[in-house]
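When a ligand or atom number is given, it counts from 1 through the structure's own listing order.
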Amino acid sequence: MDSKQTKHIELASTSIATRAIHAGQEPDPMTGAVVPPIYMTSTFKQDGVGGLRGGYEYTRTANPTRDAYSAQLAAVEGAKHALAFASGLAAIDVLLRSTLKPGDNILLGNDVYGGTYRLLSKVFVPWGVGLDVVDITDTAAVSAALESKQYSYVWVETPSNPLLNITDIAATVAVAHARGAKVVVDNTFASPILQHPLEDGADAVVYSTTKYIGGHSDVVGGAVLLNDDEVAEKVAFLQNSAGAVSSPFDSWLDMRGLKTLELRVKKHSENALRLAQWLEGHDEIEHVWYPGLQSHPGHEIAARQMHGGFGGMISLQLKGGMEMAKRVVGATQIFTLAESLGGVESLIEHPAAMTHAAVSGTTLEVPDNLIRLSVGIEDVEDLIADLDQAFAAARAQ
Ligand SMILES: *Cc1c(COP(=O)(O)O)cnc(C)c1O
């Protein structure tokens, strides 16, 4: 490439915020467009059979917008490989299916995203993969499980969804690796800003980029990040073979989101800490789950393992039980009643009836007086006032 067209930034030595804005973001070689274009094309002209320009052939296999985004995401994570998928669950599916076979076993935490549990228990188990659930925050229990059976993977979500449990990644990696098991961390809640599982020894990281990375509740996407070349090749092979790739437009949206991720995550974290402290003193509250609070059982680990904040997710249990929880989620005016999380706008939901309905009746069942908040980046005093009026309105009903 011509030197006029190439940014001469030595990105490896820069911080996350700089890499997020510059990695993979070469000005377009043709026009100089500063933002990588959305290459909305399924196929690419060949100059004679096999004469590919820049290696592009067909968008399921590779697309320049997806490549720009993947390079940016890999640089932000500090990973060698990033593969972008059509959803978080597509990423999880392809990572596991490309590396497991019937007869292999997965050890799963007892508080995970409901959709992950559904995929594993309803698709992988019938396929012949063994699944056991453990209190993943209890390293001794994980170690005991690993001694009783050979596991291919230990699956960690920290902070977990929806209870915000904290797992010590490095300690889990130590016991897993001692028994020949790999560790995958679903880093969706922390985002690559707050937590770096690969540095803590994890073998792979997965994201639902639908959440903080996209950040504006306008795209569904997922990613697998890893350093192992051999595993990356297997994941890329199945990604191309099965086809659940991130589209050029979705890649572009996630790429734009990633550029402001650090700013947003800091604000989400500040707002959530302030709100959690306020909630902890409120009459209606039975318990507040937020890893930034001293009262949280995982606070010390979180303070060590998370960098620069504790994220934007809070769960709370109400003294008034399920009825009160349902009334509160129906009475907010700024918080929108909706599933999902990680966008600029605050959301509120009732996990037992919404995001976690799929785990009802299982060992992963969540309390029915639980409300989950995705704290947005609005003015926090407005958010406090909104919850305060919602509690009052729900009480008066
Ligand atoms: C949303 C979510 C997923 C699934 O991602 P999709 O993009 O909805 O497929 C997986 N893990 C966690 C922690 C999530 O919040």
In sequence, state the C-alpha distance, the side-chain angles, and the governing distance for D67 and Y56, and then conclude on side chain to side chain donor-acceptor pair (under 3.5 Å). CA-CA 11 Å; D67 281 357; Y56 294 105; 2.5 Å; yes
Tell me, please, whether Y113 has K211 positioned over its six-membered ring: NZ or CZ under 6.0 Å from the ring centre and within 45 degrees of its axis?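 Ring-cation test returns yes.
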Are any of the N/O atoms in G88 less than 3.5 Å from those in ligand 1?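 Such a contact does occur with ligand 1.
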Is K211 close to ligand 1, meaning an N/O of one under 3.5 Å from an N/O of the other?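 Such a contact does occur with ligand 1.
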For N161, the atoms of ligand 1 under 4.0 Å from one of its heavy atoms are 15 (O)
Do E345 and T336 have side-chain N/O donor and acceptor atoms under 3.5 Å apart?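 Not at all, the side chains of E345 and T336 share no donor-acceptor pair under 3.5 Å.
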If you count the atoms of ligand 1 from 1 in the order shown, which ones are under 4.0 Å from a heavy atom of T210?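 Numbered from 1, ligand 1 contributes 7 (O).
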Close approach of G221 to ligand 1, heavy atoms, under 4.0 angstrom: yes
Test applied, side chain to side chain contact (heavy atoms under 4.5 Å, CB included); reference residue, S315; option that passes from P351, P159, P162, P367: P162
For atom 11 (N) of ligand 1, what's the nearest protein heavy-atom neighbour? Residue, atom name and distance, please.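 Heavy-atom neighbour on the protein nearest atom 11 (N) of ligand 1: D186 OD2, 2.7 Å.
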I need the nearest protein heavy-atom contact for atom 8 (O) of ligand 1: residue, atom name and distance, please.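 Heavy-atom neighbour on the protein nearest atom 8 (O) of ligand 1: Y113 OH, 3.8 Å.
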Within the supplied structure, the quantity of interest is the number of heavy atoms (other residues, nucleotides, ligands) at a distance under 6.0 Å from K266 NZ; does it exceed 12?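 No.
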May I ask you to check whether S208 has an N/O atom sitting below 3.5 Å from an N/O atom of ligand 1? yes
State, with a plain yes or no, whether a side-chain heavy atom of L194 is found less than 4.5 Å away from one of S269.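 Yes - at least one pair of side-chain heavy atoms lies under 4.5 Å apart.
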Run the salt-bridge test on E349 and R372 with the 4.0 Å N-O cut-off and return the result as yes or no.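 Salt bridge between E349 and R372, a charged N being under 4.0 Å from a carboxylate O: yes.
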What do you reckon, does L89 have a nitrogen or oxygen under 3.5 Å from a nitrogen or oxygen of ligand 1?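 Yes; the residue has a nitrogen or oxygen that sits under 3.5 Å from a nitrogen or oxygen of the ligand.
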